[in-house]
Amino acid sequence: MASAAIDELRKQGGGFVIERYTVPGIKDLAAGARILFDRGCDLVLALGMVGRQPVDKDCALAADFGLQAVQANVGRHILGVMVHEEEAYDEVNAYDLLFRPDAMRARAGTGQREGFSDAGPLKVGDR
């Protein structure tokens with residue numbers, strides 16, 4: 001997964017340095033993210049593979065809560081890329097987040113999905 005994400009980031013452009021830190025399991029992603037921030041990283045991509053069993057889903061949820069706590073504590077973004085066995089592989093928004101924030105802002109609220117059909121924009125109308 002990391003190799004694919006790194007390849008995609010490099011296709012987008014340059015201006016960044018990649019530092020990898022591999023953890024033993026998905027629930028260790030939060031600690032790995034914190035270690036990377038402590039080493040001076042500006043953004044962390046937390047990549048994990050989630051199995052099909054209910055316990056795997058529980059572990060992914062616990063990992064996500066940990067990632068949210070770390071990003072709230074350090075005030076920096078963590079992009080959690082949890083690929084579930086039964087879902088499509090997602091592309092990575094990291095390059096846009098760091099170098100093209102206007103592109104992310106332009107897509108916000110439009111219902112665009114990565115790896116799936118777009119949901120479309122929210123329709124606000126009379127009730």
Side-chain angles (χ1 to χ4, degrees):
M1 280 180 70
S3 295
I6 291 167
D7 289 346
E8 183 61 31
L9 285 170
R10 288 192 173 132
K11 287 180 193 173
Q12 297 298 315
F16 56 87
V17 175
I18 294 172
E19 181 170 345
R20 282 180 73 167
Y21 186 87
T22 303
V23 298
I26 198 167
K27 292 186 289 184
D28 302 295
L29 287 171
R34 181 58 193 250
I35 289 166
L36 289 170
F37 285 131
D38 289 347
R39 289 181 180 175
C41 293
D42 294 316
L43 173 76
V44 171
L45 298 179
L47 309 172
M49 182 73 179
V50 181
R52 296 178 182 268
Q53 301 302 316
V55 68
D56 299 324
K57 308 292 184 193
D58 292 343
C59 289
L61 184 60
D64 187 54
F65 287 153
L67 292 171
Q68 290 177 42
V70 170
Q71 78 180 329
N73 284 327
V74 300
R76 295 195 179 173
H77 290 286
I78 298 173
L79 296 180
V81 182
M82 307 266 185
V83 177
H84 295 251
E85 280 185 39
E86 67 271 10
E87 294 181 355
Y89 183 79
D90 288 345
E91 295 175 3
V92 179
N93 283 320
Y95 192 84
D96 283 353
L97 185 62
L98 286 174
F99 298 106
R100 295 186 293 237
D102 290 339
M104 287 196 70
R105 213 170 292 121
R107 290 191 307 270
T110 64
Q112 294 181 37
R113 301 289 180 258
E114 295 177 349
F116 298 95
S117 299
D118 290 349
L122 179 64
K123 293 178 177 57
V124 179
D126 297 335
R127 294 181 194 233

Closest contact, heavy atoms only, [X] versus [Y]:
X: Ala2; Y: Leu47; value: CA-CD1, 3.4 Å
X: Leu67; Y: Ala33; value: CD2-CB, 4.2 Å
X: Ala5; Y: Leu45; value: CB-CD1, 4.4 Å
X: Val50; Y: Ala60; value: CG2-CB, 3.6 Å
X: Asp28; Y: Pro24; value: OD2-CG, 3.3 Å
X: Met82; Y: Ala63; value: CE-CB, 3.8 Å

>> If I take atom CG from residue Leu29 and atom OG1 from residue Thr22, how far apart are they, to the nearest 0.5 angstrom?
In response: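 OG1 of Thr22 is found 10.5 Å from CG of Leu29.
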> Rounded to the nearest 0.5 Å, how far apart are CD1 of Ile35 and OH of Tyr21?
Replying inline: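 Rounded to the nearest 0.5 Å, the CD1-OH separation comes out at 3.5 Å.
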> Is a salt bridge present between Arg34 and Asp38, judged by a nitrogen-to-oxygen distance below 4.0 Å?
Replying inline: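 Here Arg34 pairs with Asp38 in a salt bridge, since their nearest N and O are under 4.0 Å apart.
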> Side-chain heavy atoms under 4.5 angstrom apart, residues restricted to Ile, Leu, Val, Met, Phe, Trp, Tyr: same cluster for Ile6 and Val81?
Replying inline: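 Linked within one cluster.
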>> Side chains of Arg10 and Phe16, heavy atoms from C-beta outward: is any pair under 4.5 Å?
In response: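 The answer is yes; the side chains approach within 4.5 Å.
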>> With heavy-atom distances below 4.5 Å as the criterion, would you say the side chains of Met49 and Ile26 are in contact?
In response: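 No, their side chains stay 4.5 Å or more apart.
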Check residues 70-77 and write down every donor-acceptor pair under 3.5 Å in which the side-chain atom is one partner and the other belongs to a residue at least two apart or another chain.
residue: Gln71; atom: OE1; partner: Ile78; partner atom: N; Å: 2.9
residue: Asn73; atom: ND2; partner: Ala69; partner atom: O; Å: 3.1
residue: Arg76; atom: NH1; partner: Cys41; partner atom: O; Å: 2.8

